[in-house]
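Computed from a predicted structure; not experimentally measured. Below, all heavy atoms of this structure are taken into account, side chains as well, without hydrogens, waters or symmetry copies. Proteins get letters first, then strands, A, B, ... in listed order; numbering begins at 1 in each.
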Amino acid sequence: MAKQRAEPFLWLLFSAGGVVAALLVPALLLLFGVLFPLGWITPPDHDHLRAVAAFPLTRLVLFGLCVLALFHWAHRFRYTLYEGLQLKHLHRVIAVLCYGGAIAGSAAAAYLLTAGL
Amino acid sequence: MADTYPDVTADTGTDLDTGTITMRVTRYRPEDGELEPTTQDYQIPLRKDWAVLDGLNHIKDHIDATLSYRWSCRMGICGSCGMLVNGEPKLTCEAFLTDYAPGPVRVEPLANFPVIRDLVVEIGSFMRKLPQVKPWIIDEAPPPAGEHRQTPAQVAEYQQYSMCINCMLCYSACPIVGLDEHFLGPAAIALAQRYNLDSRDQGVLDRLEVLSTDEGIWGCTFVGECTTACPKHVDPAGAIQRYKLSAATESLKAFVLPKSRRARATNGPAPAKEGDTP
């Protein structure tokens, strides 16, 4: 039996990603996808929202959400390809593509949250 | 078998009779040269108090004595009568025929195991996996002079995981078991948790070597079918997820702690358990 060295850490990222996504994403979707468009809550004006998003703590939380949610996706998608599509013989390629995608997405999030604001 | 099993068909109980039902039973007799399993239909009385196992016993005693299947206690304790009933892993002594009326009721051998004959599967793979997780109390210290006492809270910690009857329904339900024959599987990992969570046990780190592997907990993708299938509410899927968290925490500790403290973290006493008294 091969002792797993990376898997516990990848699973922790997956697990943390699931938790933060389940906690934060529904709230964001409810606000920006339902309540603001329907006018049930008066949305903050653009400058106000921009100031909130520019606050370092907000950026840090958004960055954490992006990174963890991406690693959650990578882990789940990797196993979907392994077992759902029976591609386990391509495990190296799949792992590189999935986690590489998550790293690339995290870099993009970091860029957007710093230079983009 | 006809001598020991009460002949329930002699009991007329007319108000319970609700006609007949067809049982579509998978037959496979490789010793007769059969290469593929076939199905055979049997028309049996449909009674309110008959489980699928009673139907099989009726077939065996009155219609076709060549049918082979395992059973013993008829009360959901021995764990030997597990089969697929209409495609779902069930203890046939707990699956009532009236729930499948008007039928036909399909009865097949447990999935993910080789079939020896008819509904009898070869369980060697499971029997070889069980001892790998060291399902016994590991404690280097000499046993206490009297009894080893536990508080109700300490018993409650592991009691749920000790209810397993080794019926293997979870192995039949688990898609990972079907894909990877080396996967330790739900019952074995839940049983390891039963001992890990026991306040008398010090074997957490011994078992970690076996369980924190590709074939152990990391093979599980939390499909959850094991918990759905379990007739004793052991919740193997929950046990595995819980174990993943403690194993990942151990790995994290071994990674971040300095070497001197790491030795203690990997070889020292097991982490404190819920309800441990100082």
Q: Using the test ring-ring contact (aromatic ring centres under 6.0 Å, His included), find all partners of Phe55(A) that sit at least two apart in sequence or belong to another chain.
A: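 Expected list: none.
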Q. Non-hydrogen atoms of chain A under 4.5 Å away: do they reach the side chain of Leu252(B), the backbone, both or neither?
A.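 Backbone plus side chain of Leu252(B), per the 4.5 Å heavy-atom cut-off to chain A.
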Q. Considering only heavy atoms, which portion of Ile176(B) lies under 4.5 Å from any heavy atom of chain A: side chain, backbone, both, or neither?
A.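 Side chain of Ile176(B) only, per the 4.5 Å heavy-atom cut-off to chain A.
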Enclosure of [X] [atom1] (heavy-atom neighbours >12, cutoff 6.0 Å):
| X | atom1 | result |
| --- | --- | --- |
| His89(A) | NE2 | yes |
| Glu140(B) | CD | no |
| Glu34(B) | CD | yes |

(Q) Testing Asp180(B), Val223(B), Thr221(B) one by one against Glu83(A) for a side chain to side chain contact (heavy atoms under 4.5 Å, CB included), which residue passes? (A)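 That would be Thr221(B).
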Q | Pair Gln86(A)-Leu179(B), side-chain contact (heavy atoms from CB on, under 4.5 Å): steps then yes or no | A | CA-CA 9 Å; Gln86(A) 305 275 298; Leu179(B) 288 171; 2.8 Å; yes
Q. What are the two closest non-hydrogen atoms of Trp11(A) and Ala248(B), and how far apart are they?
A.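 Shortest heavy-atom contact: CE3-CB, 4.0 Å.
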Q: Name all pairs fulfilling the side-chain hydrogen bond (donor to acceptor under 3.5 Å, both in side chains) condition that reach into residues 60-80 of chain A, sequence neighbours left out, sorted by first residue then second.
A: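 Counting only pairs at least two positions apart or across chains, the side-chain hydrogen bond (donor to acceptor under 3.5 Å, both in side chains) contacts touching residues 60-80 of chain A are Glu7(A)-Arg78(A), Glu7(A)-Tyr79(A), His75(A)-Tyr99(A), Arg78(A)-Tyr82(A), Arg78(A)-Tyr99(A).
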Q) Tell me, do Trp218(B) and Pro8(A) make a side-chain contact under 4.5 Å, heavy atoms counted? A)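 Touching, per the 4.5 Å side-chain cut-off.
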**Q.** Check: Thr249(B) and Leu12(A) side chains under 4.5 Å, non-hydrogen atoms
**A.**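 Side chain of Leu12(A) against side chain of Thr249(B), heavy atoms only: no contact under 4.5 Å found.
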